[in-house]
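When a ligand or atom number is given, it counts from 1 through the structure's own listing order.
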Amino acid sequence: MKLALPTLALALAASTSAQYYNQSKPFHLVVVSENKTIDGDTLSACHTGAAIESLCLSKQPSSSKPTPITPATFYFNTSNSAITPNDTRGVTGIVTYVLRTNLPTPESLDLYINPTSDVALPLLWPGDTMATTMNFDNQNLLNIQGYVDDTVSPPVARDNQAYYRWYSCSTYWQGYQYVTLAWKLGKGNPQNPSCVKIDVKRVWI
Ligand SMILES: *[C@@H]1O[C@H](CO)[C@@H](O)[C@H](O)[C@H]1NC(C)=O
Ligand SMILES: *[C@@H]1O[C@H](CO)[C@@H](O)[C@H](O)[C@H]1NC(C)=O
Ligand SMILES: *[C@@H]1O[C@H](CO)[C@@H](O)[C@H](O)[C@H]1NC(C)=O
Ligand SMILES: *[C@@H]1O[C@H](CO)[C@@H](O)[C@H](O)[C@H]1NC(C)=O
């Protein structure tokens, strides 16, 4: 039997065709963690390929970034048909950044999935075709939402839930090794032993 989910179907159709040109004020992304070494640190844009950046922790040393760097300035782009599924969990949009080269390049945050790891790497890519929709809740905490629960068999569709599966991990991508933001795919702890649970908070500049 086919489930009738007209609202979700509409929301999905809107989000895949949406253009995210309504830009928020600038902000920093701040690490919130019980781990005092990284609590209060910020996220920076760390070069990890041609016009590709990972979100590294500004003050955490690594072989590709031995010394602290300045926090990056981010924006939250929403569409003019922005759907607010729930005021508590926040409006849907994309996290964006402007890469300052000869010409400023608008970029968006997308989860890069390595099939042999259980953490995805959020990377900034030019344009908005590669972008993962995200939300900031009413505490300014970054979350990703979904309505399918596949931890039960058979999987069920239910109300949207906000997930906060952010970690700080030592990661490696195309020759660059940093301590970066990472996203755990599914429940449980990451296999990468360096990962520390964090939340990501928006702080207006
Ligand atoms: C975000 O919105 C601004 C303002 O409309 C736009 O210039 C920029 O290209 C957008 N960023 C992305 C990555 O689409
Ligand atoms: C806290 O974070 C630092 C930096 O990532 C890490 O070296 C350390 O092992 C962490 N401590 C705990 C208790 O997880
Ligand atoms: C677009 O952004 C402006 C300024 O932040 C805001 O007042 C307006 O409500 C936004 N429109 C939508 C559809 O989100
Ligand atoms: C909005 O989201 C919160 C947190 O997930 C939840 O407790 C609440 O029931 C939701 N409200 C509606 C109207 O769905």
(request) Without swapping roles, check the side chain of K65 against the backbone of L57 for a donor-acceptor pair under 3.5 Å. (result) yes

(request) Check for a donor-acceptor pair, side chain of N22 on one end and backbone N or O of T78 on the other, with a separation under 3.5 Å. (result) no

(message) Quick check on atom 7 (O) of ligand 1 - does any protein heavy atom sit closer than 4.0 Å to it?
(response) no

(message) I'd like to know if atom 14 (O) of ligand 2 has any protein heavy atom within a distance of less than 4.0 Å.
(response) yes

(request) Answer side chain, backbone, both or neither: which part of Y20 comes under 4.0 Å from ligand 1, heavy atoms only. (result) backbone

(message) Tell me whether F136 shares a hydrophobic cluster with L181, the cluster being built from Ile, Leu, Val, Met, Phe, Trp, Tyr side chains joined at under 4.5 Å.
(response) yes

(message) Check this for me - ligand 2, N35, N or O atoms closer than 3.5 angstrom, yes or no?
(response) yes

(request) Tell me whether the centres of the aromatic rings in Y167 and W183 are closer together than 6.0 Å. (result) no

(request) Measure centre to centre between the rings of F27 and F76, then say whether the value is under 6.0 Å. (result) no

For [X], counting its heavy atoms only, list the atoms of ligand 1 lying under 4.0 Å from any of them.
| X | value |
| --- | --- |
| E107 | 13 (C) |
| S108 | 13 (C) |
| G127 | 13 (C) |

(request) Could you name the option among N86, D87, T88 that has the heavy atom nearest to atom 2 (O) of ligand 4? (result) N86

(request) Can you pull out the closest protein heavy atom to atom 5 (O) of ligand 1? Residue, atom name and distance to 0.1 Å, please. (result) Y21 O, 2.6 Å

(message) Nearest 0.5 angstrom please: L43 CG to H28 NE2, how far?
(response) 10.5 Å

(message) So, taking the atom named OH in Y112 and the one named OG1 in T48, what distance separates them when rounded to the nearest 0.5 Å?
(response) 10.5 Å

(request) Provide the number and element of each atom of ligand 4 under 4.0 Å from a heavy atom of R89. (result) 1 (C), 2 (O), 5 (O)

(message) I'd like to check I38 versus V196 (side-chain heavy atoms, cut-off strictly below 4.5 Å). Are they in contact?
(response) yes

(request) Output yes when the distance from some N or O of ligand 1 to some N or O of N77 is under 3.5 Å, and no in every other case. (result) yes

